Amino acid sequence: DCADTESIFRIIQSIPSKKAEPFKRWLAKVGYERIQEIENPELAQERMKSLYEQKGYSKNWIEKRLRGIAIRQELTDEWKNREIKEEREYAILTNEISQATFGKSIEEYKKLKKLKRENLRDHMDDLELIFNMLGEKVTTEITVSKNAKGFVECAVAAKQGGVVAGNARKEAEEKIGRSVISE
C-alpha cells in the first residue's frame, strides 16, 4: 500500500544491515542477468522456458505459449504502426478478439478461471492457446490486408479476426463433443 515494487527494491538497497545482504545480492544477480538478456535475447527466452518448466508446464505447452507471445507482439506492433497508442485502446481491441473468439470478455474469462492479477494466457490449456493465437494472427493479417488505420478500423479487424477463430472453436467443440474453454 505504501510503495511499488521498484521503490521497495530501492528501500532494500539502502538498508545498512547484514540481514539485508542476501536480498542485495539477489537484486545484483537479477540485474546482471537482465543485462545479459539485453545483450543476448535468447537468454531471456531460455529463462522464460525454465520458469514455466518450474511451474510444471509441459514442453509442448511452453512452445505454444512462446509462439503465442510472438504472435501477440506482431499484432501489437501492427496496432502501434496504425495509430493505436493508449493502453486502454489495446485492452479494448484485445477484448474484441476474446469476445468473438471465446464468447467472453477478458474479465469474464478471468472470472471463470478465478484469476485476480494472473496472466490469463498462462492459465489457458493447449486448445485455448491455439484459438487465441488464431484470433490474433488472423486479426494481424486482416489489419495488414485492409490497411486498417486508427482505432475504429483496427476494432473492425479485431472483431473479424476473432470471429474467424470463434467459428473454428465452435466447429472444433462440435467435433470433439466438449467446450474448449476450461476452468
Side-chain angles (χ1 to χ4, degrees), residues 41-42 44-82 84 86-183:
E42 287 180 24
Q45 188 173 15
E46 290 305 315
R47 181 175 56 88
M48 189 183 319
K49 283 181 184 179
S50 176
L51 288 171
Y52 279 128
E53 285 174 6
Q54 290 171 18
K55 290 180 176 185
Y57 292 101
S58 72
K59 289 192 185 299
N60 285 335
W61 183 93
I62 294 168
E63 291 303 319
K64 286 179 194 73
R65 181 69 178 100
L66 293 177
R67 183 67 189 129
I69 290 168
I71 287 170
R72 173 69 182 177
Q73 190 63 54
E74 289 173 22
L75 175 59
T76 57
D77 286 348
E78 275 304 320
W79 284 343
K80 189 183 301 179
N81 293 335
R82 293 166 189 283
I84 305 303
E86 296 178 32
E87 197 170 309
R88 183 174 175 272
E89 291 176 321
Y90 285 91
I92 292 168
L93 294 173
T94 301
N95 215 42
E96 283 290 331
I97 298 168
S98 176
Q99 189 71 51
T101 301
F102 298 107
K104 297 186 179 319
S105 68
I106 299 295
E107 203 53 46
E108 291 168 334
Y109 214 153
K110 286 178 120 180
K111 188 174 181 179
L112 172 76
K113 291 183 177 280
K114 298 172 182 67
L115 303 176
K116 300 276 189 250
R117 294 180 50 196
E118 302 93 337
N119 187 310
L120 175 61
R121 294 159 205 252
D122 284 351
H123 295 272
M124 291 181 167
D125 68 15
D126 285 7
L127 284 173
E128 289 171 302
L129 284 174
I130 290 166
F131 287 111
N132 192 66
M133 282 189 280
L134 178 61
E136 291 186 338
K137 184 62 178 173
V138 173
T139 297
T140 303
E141 295 299 319
I142 292 170
T143 300
V144 170
S145 71
K146 304 277 186 194
N147 196 23
K149 290 216 172 33
F151 177 77
V152 173
E153 290 180 15
C154 286
V156 169
K159 186 167 185 125
Q160 291 174 345
V163 166
V164 169
N167 289 338
R169 176 192 56 85
K170 289 172 193 165
E171 187 173 342
E173 289 175 338
E174 186 180 302
K175 301 289 186 220
I176 62 178
R178 68 170 175 83
S179 176
V180 164
I181 300 168
S182 70
E183 289 185 25

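Basis for what follows: all heavy atoms, side chains included, without hydrogens, waters or symmetry-related copies. Since we're looking at a predicted model, the values are computed, not measured.
A salt bridge links Glu78 with Arg82; the closest basic N to acidic carboxylate O contact falls under 4.0 Å. A salt bridge links Lys137 with Glu141: the closest approach of a Lys/Arg side-chain nitrogen to an acidic carboxylate oxygen falls below 4.0 angstrom. Between Glu46 and Lys49 there is a salt bridge, since at least one side-chain N of the basic residue sits less than 4.0 Å from a carboxylate O of the acidic one.
With rounding to the nearest 0.5 angstrom, the CD atom of Glu74 is 12.5 Å from the CH2 atom of Trp79. Put simply, CG on Asp125 and CD on Glu183 are 12.0 Å apart, with the number rounded to the nearest 0.5 Å.
At least one side-chain heavy atom of Glu89 sits less than 4.5 Å from a side-chain heavy atom of Glu86. With a 4.5 Å cut-off on side-chain heavy atoms, Arg169 and Glu173 count as touching. Proximity of Asn147 to Lys149: side-chain heavy atoms (C-beta onward) are separated by under 4.5 Å at one or more points.
Taking the six-membered ring for Trp and the full ring otherwise, the centers of Phe102 and Phe131 sit at least 6.0 Å from each other.
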### Message
As a quick check of understanding, evaluate side-chain contact (heavy atoms from CB on, under 4.5 Å) for Leu93 and Phe151, giving each step before the final call.
### Response
CA-CA 8 Å; Leu93 294 173; Phe151 177 77; 3.9 Å; yes

### Query
Gln99 and Asn95: side-chain hydrogen bond (donor to acceptor under 3.5 Å, both in side chains), yes or no, with the steps?
CA-CA 6 Å; Gln99 189 71 51; Asn95 215 42; 5.2 Å; no

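Looking at Ser98, its side chain never comes within 3.5 Å of a backbone N or O of Thr94 through a donor-acceptor pair.
Closest of all the heavy-atom pairs between Ser179 and Ile181 is OG-N, 3.1 Å.
Applying the salt bridge (Lys or Arg N to Asp or Glu O under 4.0 Å) test between Glu128 and each of Lys113, Arg121, Arg65, Lys64 identifies Lys113 as the sole match.
Remark: Glu96 engages Ala158, Lys159 in a side-chain contact (heavy atoms from CB on, under 4.5 Å) (not counting sequence neighbours).
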